[in-house]
Undergrad: 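Okay, handing you the structure first.
Sequence lines set the chain letters: A, B, ... in the order given, protein chains first and strands last, and positions in each chain run from 1. Quick caveat: nothing in here was measured; it's all calculated off a predicted structure.
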Amino acid sequence: MTPKPPEAPVATDLPPAVCVCLQTLRRRADFLACARARKAATPGFILQGRDRGDGEAIVRVGFTASKKVGNAVARNRAKRRLRALAREILPGKGRPGWDYVLVARRDETARRPFAEMQRDLAKALEKVHRAADT
RNA sequence: GCGGAUGGCCGGAUGGCCGCGGGCGGCAACGCUCGAGGAAAGUCCGGACUCCACAAGGCAACGGUGCCGGGUAACGCCCGGCCGGGGCAACCCGAGGGAAAGCGCCACAGAGAACAGACCGCUCCGCAUGCCGGAGCAAGGGUGAAACGGUGGGGCAAGGGCCCACCGCGGAGCUGGCAACAGUUCCGGCACGGCAAGCCCCACCGGGAGCAAUGCCAAAUAGGGACCUCACAUGGGCGGCCUUGGCCCGAGGUCCGGGUCGGCAGCACGAGCGCGCGGGCAACCGUGCGCCCAGAGGCAUGGCCAUCGAAGGGGGCGACCCCGGAACAGAAUCCGGCUUACAGGCCAUCCGCGCGC
């Protein structure tokens, strides 16, 4: 057990004023469009992202956990961790007008320490954004 | 105490911070409240509910069920009983109607496997006394999953239901039981092998598709119909051709019907759950009181932390200490079952053995 300073809980360094206007992707076409765009792989998950270019400022996010991840329990748990991750990071680090998709990996998505997954997502976002800028 | 049988239950706990889905209140900020399972699983049976078809019923085909009685909305489920088999016992297992309607099959071995048959044999007779011929027999040996009744006695040349007793089998009666069936008496004569999970026969049951069912509301765009107004001017088309006349092809408006995206309903108050009482051996039924118990549509029930923590490891003579951290698994129209998966634990009843009193 790593003793953590109690005055530094994880969620308090969120930007307080950001409107949490995340929406979830609902259409297969949106998922496919993201899959064809920018990608960044991390040990716990794969990030896909693209600029919709429709002028809307909202950030949208989708989650994918295929049968390769495991049975229904494993898939649900993976998606829940990814959802929790997206809620904490994307309102601060995501770009307005973009869609993101987080793809779960077998075992690692459920097992990797959450703090590392948070760092992974921040780095992956930078990578995807940088690739889009050049 | 040890070993076993059956039935049932639980299957991580508490708290903090940040979140998610539904409901309620509020203009809002926000607050309150509820939020996975015994299997939510497999989708194997039975229903509810919808739409389609047919509506009385009968026959045929196909599929299913199959000891008896009860329970239930219903079932292939459950309860109680019967029969057969296993176990010292508690108890467990069994698709358990019909093979004296018919067809088919019964490998290998064996003489012979279904309206019997004679390999080794047994007995008698004959003589040419032999590895002979004739006649009788099916008890004994051997094969097999199964051998055309079994055991004992009489009888016989040797044998054989040939005769007798008992058992088995079949028929009739009586007694008990709602029944399956059991017990018993008399009679018969040995006539009747197994498989129905091969076909079949008999009895009973069964329309089809499914919540992405189905119903309602209904935008833009394109298109359909009715009416009104304008244009009815050029042009085109139609009635064989020409003239006159008519209709259609145009624009605008109103209305109607179908209908995609989308929205709403179905969609969670029910064959509901808990406790008590009554009936019943039980499954279950009746009744009183109390309760409201997930409801999404990219699919909520999560992330992090703290305290505690079963199994399992390791150390110690020991109290105890250290490591370790929870099985199978995640609702999608809803119920009743079945089946399958499941770390570990708890409770109740019963049986056998041992010890003590």
Undergrad: If you measure from the Lys or Arg side-chain nitrogens to the Asp or Glu carboxylate oxygens, is any gap between A/Arg112 and A/Glu108 under 4.0 Å?
TA: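 Looking at A/Glu108 together with A/Arg112, the answer is no, because their closest N to O distance does not fall below 4.0 Å.
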Undergrad: State, to 0.1 Å, how close A/Arg75 and A/Ala65 come at their nearest heavy-atom pair, and which atoms those are.
TA: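 Looking at all heavy atoms of both residues, the shortest contact is CD-O, 3.3 Å.
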Undergrad: Using 0.5 Å steps for rounding, measure from the CZ atom of A/Arg38 to the CG atom of A/Asp51.
TA: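 Here the interatomic distance stands at 10.5 Å.
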Undergrad: Could you tell me which non-hydrogen atom of A/Leu121 sits nearest to which non-hydrogen atom of A/Leu47, and how far apart they are?
TA: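 Of all heavy-atom pairs spanning A/Leu121 and A/Leu47, the closest is CD1-CD1, 4.2 Å.
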Undergrad: Have a look at A/Phe45 and tell me which of A/Leu82, A/Val103, A/Thr64 forms a side-chain contact (heavy atoms from CB on, under 4.5 Å) with it.
TA: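 Only one option passes, and that is A/Leu82.
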Undergrad: When rounded to the nearest Å, what value does the distance between P atoms of B/G314 and B/G295 take?
TA: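 Rounded to whole Å, the distance is 50 Å.
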Undergrad: Rounding to a whole Å, what distance do you find between A/Lys79:NZ and B/C299:P?
TA: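 Interatomic distance, NZ of A/Lys79 to P of B/C299: 8 Å.
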Undergrad: Keeping the roles fixed (side chain from A/Tyr100, backbone from A/Arg95), state whether a donor-acceptor pair exists under 3.5 Å.
TA: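 Confirmed, A/Tyr100 side chain pairs with A/Arg95 backbone.
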Undergrad: Does B/C299 have its OP1 or OP2 closer than 4.0 Å to a side-chain nitrogen or oxygen of A/Arg75?
TA: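 So the side chain of A/Arg75 is outside the cut-off, no N or O lying under 4.0 Å from OP1 or OP2 of B/C299.
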Undergrad: Using the test side chain to side chain contact (heavy atoms under 4.5 Å, CB included), find all partners of A/Ala41 that sit at least two apart in sequence or belong to another chain.
TA: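 Per chain and number, A/Ala41 pairs via side chain to side chain contact (heavy atoms under 4.5 Å, CB included) with A/Ile46, A/Arg105.
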Undergrad: Taking CG from A/Leu85 and C1' from B/C20, how many angstroms apart are they, rounded to a whole number?
TA: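 Result: 15 Å.
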Undergrad: Round to the nearest Å and state the distance from A/Arg81 atom CZ to B/U301 atom P.
TA: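 After rounding, the gap between these two atoms is 14 Å.
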Undergrad: Could you work out the separation of B/G85 and B/A165 based on their C1' atoms and round it to a whole Å?
TA: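 Rounded to whole Å, the distance is 31 Å.
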Undergrad: More 5' along RNA chain B: A/Ala74 or A/Ala84, using each one's nearest nucleotide?
TA: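 Its nearest nucleotide lies further toward 5', so the answer is A/Ala84.
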Undergrad: Whole angstroms only, please: what is the CZ-P distance between A/Phe63 and B/A296?
TA: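 Atom CZ in A/Phe63 sits about 20 Å away from atom P in B/A296.
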Undergrad: Please check: side-chain N/O of A/Thr109 versus main-chain N/O of A/Gly44, any donor-acceptor pairing under 3.5 Å?
TA: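 Yes, the answer is positive, given that a donor and an acceptor are paired below the 3.5 Å cut-off.
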Undergrad: When you compare the protein's N or O atoms with those of nucleotides 36-40 of chain B, which come within less than 3.5 Å of each other, and at what distance?
TA:
{"from": "B/A36", "atom 1": "N1", "to": "A/Arg80", "atom 2": "NH2", "distance (Å)": "3.4"}

Undergrad: Can you tell me the base-pairing partner of B/G1? Count Watson-Crick or G-U wobble geometry only, both distances below 3.5 Å, and say none if there is no partner.
TA: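 Across any shown strand, B/G1 pairs with B/C353.
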Undergrad: Rounded to whole angstrom units, what separation is found between the CD atom of A/Glu88 and the P atom of B/C304?
TA: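 Answer to the nearest Å: 9 Å.
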Undergrad: Could you identify the nucleotide paired to B/G188, looking across every strand shown and requiring Watson-Crick or G-U wobble geometry with both distances under 3.5 Å?
TA: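 Its partner is B/C169 (Watson-Crick or G-U wobble, both distances under 3.5 Å).
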Undergrad: Rounding to an integer number of Å, can you tell me how far A/Arg60 CZ sits from B/G298 P?
TA: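 The distance from CZ of A/Arg60 to P of B/G298 comes to 13 Å, rounded to the nearest Å.
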Undergrad: Both distances under 3.5 Å, Watson-Crick or G-U wobble: report the partner of B/G133, or none.
TA: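 B/G133 is paired, partner B/C125.
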Undergrad: With P as the reference atom in both, quote the distance from B/G80 to B/G278 in angstrom, rounded to an integer.
TA: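 Here B/G80 and B/G278 have their P atoms 23 Å from each other.
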Undergrad: Which label fits B/A60, syn or anti, where anti is any glycosidic angle not within 90° of 0?
TA: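 For B/A60, whose glycosidic angle is more than 90° from 0, the conformation is anti.
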Undergrad: How many whole angstroms separate atom CE of A/Met117 from atom C1' of B/G302?
TA: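 To the nearest whole Å, that distance equals 13 Å.
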Undergrad: Over how many whole Å does the gap from A/Phe114 atom CZ to B/C18 atom C1' extend?
TA: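 To the nearest whole Å, that distance equals 10 Å.
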Undergrad: With the 90 degree cut-off around zero defining syn, does B/G225 come out syn or anti?
TA: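 Anti, since the glycosidic angle lies more than 90° from 0.
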Undergrad: Can you check B/C293 for me, syn or anti if syn means within 90° of 0?
TA: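 B/C293: syn.
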